[in-house]
Every structure is written in structure tokens, then in C-alpha cells.
A.B. asks: 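For reference, the structure I am asking about is given below.
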There are 2 protein chains.
Amino acid sequence: MFGAHKRLSEKQERILRFLHQFLEEHSYPPSIRDIQQGCDVSSTSVVDYNLRILEREGHIRRSPEISRGIELLGRQRETQPAFQTVGVPVLGYIAAGEPIPSYAAESWASDPMETLELPASWLDGRGEVYALKVKGQSMIDALIDDGDTVVVQRASEARDGETVVAWLKAEQEATLKRFYHEGGRVRLQPANSQMAPIYADPRNVEVQGKVLGVIRLLR
Amino acid sequence: MFGAHKRLSEKQERILRFLHQFLEEHSYPPSIRDIQQGCDVSSTSVVDYNLRILEREGHIRRSPEISRGIELLGRQRETQPAFQTVGVPVLGYIAAGEPIPSYAAESWASDPMETLELPASWLDGRGEVYALKVKGQSMIDALIDDGDTVVVQRASEARDGETVVAWLKAEQEATLKRFYHEGGRVRLQPANSQMAPIYADPRNVEVQGKVLGVIRLLR
DNA sequence: CCTTGGCATGAACGAATGTTCTTGGCCAGC
DNA sequence: GCTGGCCAAGAACATTCGTTCATGCCAAGG
């Protein structure tokens with residue numbers, strides 16, 4: 001297997017722990033002599049020796065000839081931007097028969113009821129993203145339960161097959177469905193394949209956003 | 001106001017931009033000569049001079065006598081531990097009629113098929129947590145679709161009302177249900193309230209873990 | 001017994017890097 | 001015109017720091 005971690009000696013583990021601690025405190029990596037002092041090692045060459053092993057075992061990466069050129073690998077990253085979370089505002093509830101809260105884009109200050117932390121990697125370069133809590137079991141045909149959270153990217157159009165937050169004007173009803181253009185009308189297909197689709201007039205359907213995901217956190 | 005930023009010269013802004021860029025790429029700060037090259041400056045003393053100003057104006061902090069001892073100040077939260085993600089191993093698939101992959105706890109090396117990034121705040125102090133991908137629609141009565149991901153905390157016991165990953169020995173079937181002791185038997189309640197519960201002999205039910213959450217990422 | 005490989009020690013070399021000194025252009029204000 | 005503040009260039013100087021060398025202990029294995 002590739003990248004498997006062999007057993008580390010006590011000194012090596014101590015150095016690894018010191019690296020984590022130092023990086024939390026200083027925001028720049030330690031020098032070899034910093035490690036030497038911090039871990040009660042007799043010589044810099046010992047540190048160098050153990051660092052080579054840590055690198056070979058895939059725990060760190062070193063940049064030769066560069067002072068403090070040590071990076072922690074794997075594990076929870078530190079300042080790695082791609083592995084941080086982004087706060088997504090939870091704007092309100094979604095339920096059949098109630099209007100969908102609007103998203104005042106520019107004013108980040110329009111205070112959401114709460115904020116949902118999501119890994120930045122899930123959102124990539126997507127634009128305005130917000131979240132809605134599902135109230136009641138009206139979305140059960142989309143396999144979404146009471147209390148679930150849906151993550152939505154604001155959009156007013158959708159391509160065939162995308163799951164959207166749709167507002168049916170006449171029925172005064174919000175719903176989550178797969179979206180298809182079909183000739184002059186629109187087909188809204190429940191996620192649950194055992195349910196029948198809804199056909200609607202395009203003028204009666206207002207797309208509010210695309211559904212990026214559904215999250216159900218239990219207790 | 002305290003710490004107000006005075007106007008920066010063009011060279012100073014360029015250095016500041018270079019600092020940000022370098023830190024994103026390298027995870028260790030640049031040396032003065034790195035900055036000199038990256039910003040087309042004639043001398044290291046010029047860099048030093050401008051760094052002093054940037055420090056005086058509160059944009060950076062420098063550690064004297066320490067190579068690469070430059071820290072960016074302010075900015076968006078960097079190393080905020082509560083807002084980081086944790087890699088959760090996706091161990092395999094769960095489907096009715098197939099055994100559930102076991103989680104070799106001690107060997108971090110037992111390589112998962114992939115890793116799911118989750119905000120650390122969702123897991124808090126919980127112990128061994130892993131994830132399973134749902135194959136097929138056998139979990140549809142728990143409102144879980146093909147392709148969904150379930151996040152599981154390893155456990156062999158459960159309290160009433162908790163949702164568990166259960167293995168029915170006789171039926172050779174894995175399932176996600178609410179768990180209740182009821183006299184001498186066990187009631188397994190589907191999440192979908194429209195479905196009927198299953199009653200089983202405790203000796204036939206093996207609890208593998210508690211379900212922390214369900215995640216459905218669309219396209 | 002001897003060799004081999006993992007591990008540790010101490011010292012030194014040399015490159016990387018922070019710091020300082022000298023010099024000089026530009027410009028507002030007295 | 002002279003002065004002082006701001007900014008910059010070029011060159012050295014002094015540390016810091018990565019790397020290497022020589023040496024020795026010790027257990028596993030032929």
C-alpha cells in the first residue's frame with residue numbers, strides 16, 4: 001500500500017507533536033534548532049535524521065536549503081484554505097404553503113437565524129449560497145424530513161435534471177423537485193421515484209434556486 | 001480609531017500582496033530575499049525598510065532575528081480551530097443484504113476509499129466516526145436515497161430513540177432504524193412514519209453504530 | 001564473530017537570511 | 001538655499017540555520 005505509516009519512534013512522535021504545537025503558536029514553522037531545544041535533543045543532526053524519516057513516512061514535507069521549510073501533511077490541515085469551513089446563513093424555513101424567505105445578497109448583515117458551517121470545498125466557486133430548514137413533512141416525497149436542512153444556490157433558471165427550489169404561484173406552495181422543460185410546459189419530478197410527477201405552466205413556476213445538497217443532523 | 005492604516009506606497013502594497021500569495025502557496029513565510037525577488041526590489045534593505053513600515057502600520061508582525069519570522073495580521077480568521085474541517089474516512093457501501101465494512105480503529109492506515117470533509121464542530125468530542133455510502137434504494141424507508149452518505153459514530157449499544165446502523169443476522173441485512181427496547185424484544189422504527197416498524201429478537205440485532213447524520217450532495 | 005541497519009551524539013562547514021551602513025534623489029517648508 | 005522627512009540602491013556584516021562528517025551503541029541475522 002502506498003503512503004502507509006510505519007511505526008514511529010518515541011522521539012519522532014515527540015517531534016511531530018512539537019511541530020503541531022509550534023505552528024499553533026507561531027504561524028511560521030520552527031527551525032531545526034527550535035526543534036532541538038523544544039524536544040531536548042543533543043544535536044541538530046539528530047533532528048535532521050528524524051525529520052528525514054518523518055518525510056519518508058509521509059508526515060511532513062521539507063523544502064531543502066530553505067530555513068523553516070517544513071510543512072505538516074495529512075491530518076487536519078492548518079492554514080490550508082481549501083480545508084476550512086464557510087459560514088452559510090440559514091435564512092428561514094421552507095414548507096408547503098409558506099413563502100420562501102428572500103436573500104438580501106449585499107447585506108451580509110441581514111441577520112440569519114443561525115449559521116451553518118460547511119467545508120469550503122463543497123461550495124467551490126459557487127455564488128450566493130444559503131440554507132433553509134424544512135418544517136413539516138411536506139417534502140417527504142423528495143426524501144426530505146422535518147428538521148432537515150437544504151443547501152441552496154440562488155438561481156432563477158435551471159437546466160433539465162437539476163433539483164430546484166420552486167414556488168408554485170397559484171398553489172402558494174414551495175417545493176423541491178427535479179426540473180424538466182417539456183415542450184411548452186414544465187415537469188416537476190419528485191426525487192422519490194415512486195411518486196408521480198407534476199406538470200405545470202412555466203408562468204406558474206418560479207425557480208428560486210438550485211439545491212446543492214441536503215443535510216440531516218440527528219440529535 | 002486605534003491602529004488605523006495610513007496610506008501605503010505602491011511598493012508596500014505590492015509586498016503585502018506578495019506575502020498573501022506566498023503564504024497560500026508555501027505554508028511558510030517568505031524570506032526577505034524571496035520578497036526582494038518577487039517584487040523586483042533592488043536591495044534587501046529596501047524590503048526591510050518597507051517591512052518596518054508595514055509592521056508599524058499594523059499589517060504584519062515580525063519576529064526579530066528569526067528567519068521568515070513574518071506573520072500576517074488581521075485578515076480573515078486563519079487558524080481558528082473551531083472552523084476547520086476533519087477528514088472522515090468513507091469506509092465503503094451500505095446496502096441491504098451486504099455486510100457492513102468494519103472499522104479497524106487503531107490502524108489509521110487502513111485506507112478508506114475516500115475521505116469526507118466535515119466541519120469539526122459537527123463531531124465535537126465524539127469518538128470513532130466514519131461514513132458509508134448508500135448503494136441502492138433499500139434505505140428508502142429511512143428517507144435515504146441511493147448515493148447518500150451516512151455519518152456514523154461507532155457504537156455497540158444504543159439508547160431508546162437513537163437511530164442506529166443495525167445488522168439483522170438472520171436476514172443478512174443492514175438497515176438504518178430508530179432503536180427501542182420493548183420488553184424482551186427490540187423495535188426498529190423506520191424514519192418514515194408512514195412505514196410500519198419491525199420487531200426483532202435482541203439476539204438477532206447487532207448494533208454497529210449510531211447515525212449522526214445524513215448527507216446528500218446533488219451533482 | 002562479523003556484518004548490517006536503525007538510531008544517537010557532537011562538531012564543523014557553508015549557504016541562507018536578518019541587519020546595518022553609506023550614499024543619493026525628491027520634495028515641502030522655513 | 002538649506003534642512004529634515006520619506007524613499008530607495010548597493011554592499012557588507014553577523015546570525016541563523018540546513019547539511020554533512022566522523023563516531024559509537026545496539027539488536028538482528030548470517
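Predicted, not measured: the structure shown is a model, and the values here were computed from it. All values below were derived from every heavy atom in this structure, side-chain atoms included, with hydrogens, water molecules and symmetry-related copies excluded. Within every chain, numbering begins at 1; the chains are lettered A, B, ... in the order of the sequence lines, protein sequences first and strands thereafter.
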A.B. asks: Using a cut-off of strictly less than 4.0 Å, decide whether Arg52(B) has a side-chain nitrogen or oxygen near OP1 or OP2 of dT20(C).
C.D. replies: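 Yes.
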A.B. asks: Taking only side-chain N and O atoms of Asn50(A), does any of them lie within less than 4.0 angstrom of OP1 or OP2 on dA8(C)?
C.D. replies: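 Yes, because at least one side-chain N or O of Asn50(A) sits under 4.0 Å from OP1 or OP2 of dA8(C).
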A.B. asks: Under 4.0 Å between any heavy atoms, over every strand shown, what does Leu51(A) touch: base, sugar-phosphate, or nothing? Just pick one.
C.D. replies: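 Counting heavy atoms under 4.0 Å across all strands, no contact is made by Leu51(A).
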A.B. asks: Reckon Ser42(A) has a side-chain N or O less than 4.0 Å from the OP1 or OP2 of dG10(C)?
C.D. replies: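 For dG10(C), OP1/OP2 do have a side-chain N/O of Ser42(A) under 4.0 Å.
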A.B. asks: So, under a plain 3.5 Å distance rule, would you say the side chain of Ser9(A) forms a donor-acceptor pair with the base of dG6(C)?
C.D. replies: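 Per atom types, no contact qualifies.
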A.B. asks: State whether the number of non-hydrogen atoms from other residues, nucleotides or ligands found under 6.0 Å of Gln37(A) atom CD is greater than 12.
C.D. replies: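 Atom CD in Gln37(A) is not crowded, with 12 or fewer foreign heavy atoms closer than 6.0 Å.
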A.B. asks: From dA8(C), dT20(D), dC7(D), pick the nucleotide closest to the side chain of Asp48(A)?
C.D. replies: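 Nearest nucleotide to the side chain: dT20(D).
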A.B. asks: Out of Asp48(A), Val41(A), Ile15(A), which one pairs with Ile35(A) under the side chain to side chain contact (heavy atoms under 4.5 Å, CB included) rule?
C.D. replies: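 Option passing the side chain to side chain contact (heavy atoms under 4.5 Å, CB included) with Ile35(A): Ile15(A).
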A.B. asks: Can you tell me how far P of dG18(C) sits from CD of Gln36(B), to the nearest Å?
C.D. replies: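 Taking CD of Gln36(B) and P of dG18(C), I get 11 Å after rounding.
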A.B. asks: Want to settle it: does Asp40(B) or Glu65(B) sit nearer the 5' end of DNA chain D, counting the closest nucleotide to each?
C.D. replies: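 It is Asp40(B), whose closest nucleotide lies nearer the 5' terminus.
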A.B. asks: Looking only at the side chain of Ser43(A) (C-beta and beyond, no hydrogens), which of the listed nucleotides dT19(D), dG10(C), dT19(C) gets closest?
C.D. replies: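 The closest nucleotide is dG10(C).
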A.B. asks: Considering just the side-chain nitrogens and oxygens of Lys11(B), establish if one lies under 4.0 Å of OP1 or OP2 belonging to dC6(D).
C.D. replies: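 Answer is no, no contact under 4.0 Å.
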A.B. asks: As a test of reading the structure: which of dC21(D), dA12(C), dT19(C) is closest to the side chain of Arg33(A), going by heavy atoms?
C.D. replies: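 Of all the options, the side chain of Arg33(A) is nearest to dA12(C).
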A.B. asks: Using only side-chain N and O atoms of Ser67(A), determine if any of them is under 4.0 Å from OP1 or OP2 of dT17(C).
C.D. replies: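 Yes, Ser67(A) has a side-chain N/O under 4.0 Å of OP1/OP2 on dT17(C).
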